[in-house]
*Asks:* 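Take a look at the following structure, please.
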Amino acid sequence: MAIKGLAKNDYPLVIKSDGLAAGKGVVIAKSQKEATTTIHKMLGEHQFDTKSIIIEEFLTGQEFSLMAFIQDEQIIPMPLSQDHKAAYDGDEGPNTGGMGAYSPLQHFPSDLVNEGVEKIIRPIIRTLKKKNIAFCGILYAGLIMTDSGPKVIEFNVRLGDPETVVVLPQLQSDLYEMLQGLLHHQVPVVKWQKDQVYLGVVISSQTYPQASARGVELADFNYLPSNITVNYAGVSCNRDGQLISNGGRILCLTTGASNITKAQAILYGWLNQHPILGLRYRSDIGDKAK
Ligand code: GLY
């Protein structure tokens, strides 16, 4: 059925595996031939744990993420952020779980958060309510800023990775009190900073996303300057108890500065002075904001 319908579509065409695929279940097929091969791979060879696929129009524009804390009909949006899903600079290469992010998005219209809440998040919350589904948690809308406004490309019911490391540092009020307030059906006080841009650069194994790898020593990350934070992901210990890489995305470095250029200078300045064999990163995270 899916294969038969392919002749009617314009290309490129987006083909998604319907299920968890660690950020690797999306293929942008440039031709009918590539679409046919992809569908056979996803369904026939059970490449991912999926029994169905989704075929979508290819949307053009910058991708961004709108996450919100939800309790019943109360929506507390977070500052917008922008992930970089392609493996290599210039958005080249295969899709990954995310190679870096920055937030807020000062180059987008200032009312985009409200537009996203009213056009995308609130209709979902109303539908859940109509269906008597009580929802309390995080909604994550993956959006594209098209010429005709924001359009949805994906939804998650969780925080985004790496978006979270550039969004949550902006919360000036207390996260625990906000969550407690929401759980007790109160309207919590929520305050986000507005003066700084936060930038996160993911450090991955050389072979990511094709393969995971293990064994690179991470001692250098113990000696970061005070304006750089590290969040570890794919790590473990060697026999001597030293932290080593173990996976695809190994860690994310984060900093905040008054603009994206200064934030890039801090993070990429440190990374350029500390090359680490066996690991790699994108060197253009944040460029789209300039
Ligand atoms: N940054 C993509 C995700 O969390 O799904």
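The shown structure was predicted, so the numbers you read here are calculated from the model rather than taken from an experiment. When a ligand or atom number is given, it counts from 1 through the structure's own listing order.
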*Asks:* What atoms in ligand 1 come closer than 4.0 Å to a heavy atom of K85?
*Replies:* 2 (C)
*Asks:* Got the closest protein heavy atom to atom 2 (C) of ligand 1, with its distance?
*Replies:* Y140 OH, 3.2 Å
*Asks:* Between D72 and K129, is there a side-chain N and carboxylate O pair less than 4.0 Å apart?
*Replies:*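 Between K129 and D72 there is a salt bridge, with a charged N closer than 4.0 Å to a carboxylate O.
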*Asks:* Tell me: protein heavy atom nearest atom 5 (O) of ligand 1, and distance?
*Replies:*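 Protein heavy atom with the smallest distance to atom 5 (O) of ligand 1: R158 NH2, 2.7 Å.
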*Asks:* For the 3.5 Å polar cut-off, considering only N or O atoms, please tell me whether E154 and ligand 1 meet it.
*Replies:*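 No.
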*Asks:* Determine, using heavy atoms of G160 and all atoms of ligand 1, whether some pair is separated by less than 4.0 Å.
*Replies:*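 Under 4.0 Å: yes for G160.
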*Asks:* Atom CG in L168, atom CE in M78: separation rounded to 0.5 Å?
*Replies:*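 It comes to 6.5 Å.
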*Asks:* Under a 4.0 angstrom heavy-atom cut-off, which atoms of ligand 1 come close to G97?
*Replies:*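 Answer for ligand 1: 1 (N), 2 (C).
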*Asks:* Can you tell me how far apart CD1 (I203) and OH (Y232) are? Round to the nearest 0.5 Å.
*Replies:* 11.0 Å
*Asks:* So is S65 close enough to ligand 1, meaning a heavy atom under 4.0 angstrom away?
*Replies:*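 No, S65 has no heavy atoms under 4.0 Å from ligand 1.
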*Asks:* When you check the gap from the basic side-chain N to the acidic O, do D174 and K191 get nearer than 4.0 Å?
*Replies:* no
*Asks:* Run the salt-bridge test on D91 and K288 with the 4.0 Å N-O cut-off and return the result as yes or no.
*Replies:* yes
*Asks:* Knowing that exactly one of E163, E63, E92 qualifies, which makes a salt bridge (charged side-chain N to carboxylate O under 4.0 Å, His left out) with K85?
*Replies:*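 With K85 as partner, salt bridge (charged side-chain N to carboxylate O under 4.0 Å, His left out) holds for just one option, E63.
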*Asks:* With heavy atoms of N156 as the reference, note each atom of ligand 1 found under 4.0 Å away.
*Replies:* 5 (O)
*Asks:* Working note: S103 + Q170, criterion side chain to side chain donor-acceptor pair (under 3.5 Å); need CA distance, chi angles, decisive distance, verdict.
*Replies:* CA-CA 9 Å; S103 174; Q170 298 181 62; 2.8 Å; yes
*Asks:* Test your reading of the structure: does E163 have an N or O sitting under 3.5 Å from an N or O of ligand 1?
*Replies:*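 In this structure, E163 places an N or O atom under 3.5 Å from an N or O of ligand 1.
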*Asks:* What atoms of ligand 1 come closer than 4.0 angstrom to any heavy atom of D83?
*Replies:*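 Selected atoms, number and element: 1 (N), 2 (C).
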